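Worksheet for the structure shown next.
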Amino acid sequence: LLRVKNPMIDEQVVLRPTLLHGLLEAVQTNFNHGAESVRLFEIGRVFAAGEKEESARLGLVLSGPKLGRSWRAGVGAAFDLFDLKALLESGLGVAPGFVREDRPGLALCLRVEIAGIAVGFAGQLPPAGARALDAAGPVLVAELALEPLHGVAGGMRSAFRGLAKYPAVVRDIALLAPDAVTHE
């Protein structure tokens with residue numbers, strides 16, 4: 001870890017070595033505020049001691065049911081490691097290779113490789129770690145270095161969809177009013 005010489009806040013005495021700490025805090029906050037499913041990403045800089053001390057990374061977190069409640073069926077199946085792999089394959093635009101590896105803090109872990117170059121990892125938190133975040137199901141994480149992807153995954157594409165003009169409503173309120181009441 002790289003320490004800050006003059007930290008402004010006592011909790012921020014080191015530079016972040018990974019994006020996952022902030023993402024997992026956001027997962028816990030979302031579950032504490034009633035979210036059933038969480039899908040988050042962050043692109044940011046991380047700092048590690050070594051030759052190259054600063055690098056850009058992409059962090060992903062998935063947890064909860066894939067689909068929300070519907071009138072046809074209850075809650076859908078929860079996200080699993082295969083969903084995370086499919087997300088990485090479709091998002092990168094090239095077929096990455098996945099090699100099983102051991103990583104502290106993860107129950108299941110895969111090294112993500114593109115054209116033989118390791119670009120990151122994907123995995124699942126152990127059940128105790130998921131419970132600590134108040135998650136009802138598995139919590140899946142991934143972190144990829146962006147610099148190796150520029151040369152290898154030249155076909156990467158990005159698409160932005162604007163926010164919905166009429167967002168979904170979770171609560172519905174019905175009122176009975178006399179006919180004399182106008183819409184105003």
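Since the model is a prediction, treat every value here as computed from it, not as a measurement.
Side-chain atoms of Glu143 come within 3.5 Å of backbone N or O of Leu19 as a donor-acceptor pair. No side-chain donor-acceptor contact under 3.5 Å links Ser63 to the backbone of Val38. A donor-acceptor pair under 3.5 Å links the side-chain atoms of Gln28 to the main chain of Ala132, judged by distance alone. Looking at Arg39, its side chain does come within 3.5 Å of a backbone N or O of Lys66 through a donor-acceptor pair.
Scanning all heavy atoms of the two residues, the minimum distance from Phe98 to Glu89 falls at CE1-OE2, 3.6 Å. Across every non-hydrogen atom of Gly120 and Leu144, the tightest pair is CA-CD2, 3.9 Å. Between Ala26 and Leu40, the closest heavy-atom pair is CB-CD1, 3.7 Å. Smallest separation of non-hydrogen atoms from His33 and Thr29: ND1-O, 2.7 Å. Closest of all the heavy-atom pairs between Pro138 and Ala78 is CD-CB, 4.1 Å. Considering every non-hydrogen atom in both Ser55 and Glu147, the closest pair reads CA-OE2, 4.2 Å.
Grouping the Ile, Leu, Val, Met, Phe, Trp and Tyr side chains by contacts below 4.5 angstrom, directly or via other members, places Leu110 with Leu58. Cluster membership check: Val139 does not share its hydrophobic cluster with Leu60, using side-chain heavy-atom separations under 4.5 Å among Ile, Leu, Val, Met, Phe, Trp and Tyr. Criterion: ILVMFWY side-chain heavy atoms under 4.5 Å apart, direct or through other members. Under it, Val46 and Val112 are not part of a common hydrophobic cluster. Hydrophobic clustering, with ILVMFWY side chains joined whenever heavy atoms are under 4.5 angstrom apart, groups Leu106 together with Leu133. The hydrophobic clustering, which links ILVMFWY residues whose side-chain heavy atoms are closer than 4.5 Å, places Phe121 and Phe41 apart.
Here the CG-CD distance, from Asp80 to Gln124, works out to 8.0 Å after rounding to the nearest 0.5 Å. Atom-to-atom distance recorded for Leu125:CG and Leu108:CG is 10.0 Å, nearest 0.5 angstrom. With rounding to the nearest 0.5 Å, the separation of CD in Glu101 from CZ in Arg103 is 5.0 Å. The distance from the CG atom of Leu62 to the CG atom of Leu84 is 5.5 Å, given to the nearest 0.5 Å.
A salt bridge links Glu42 with Arg16: at least one charged nitrogen is closer than 4.0 Å to a carboxylate oxygen.
Using a 4.5 Å cut-off on side-chain heavy atoms (C-beta onward), Pro96 and Ile114 make contact.
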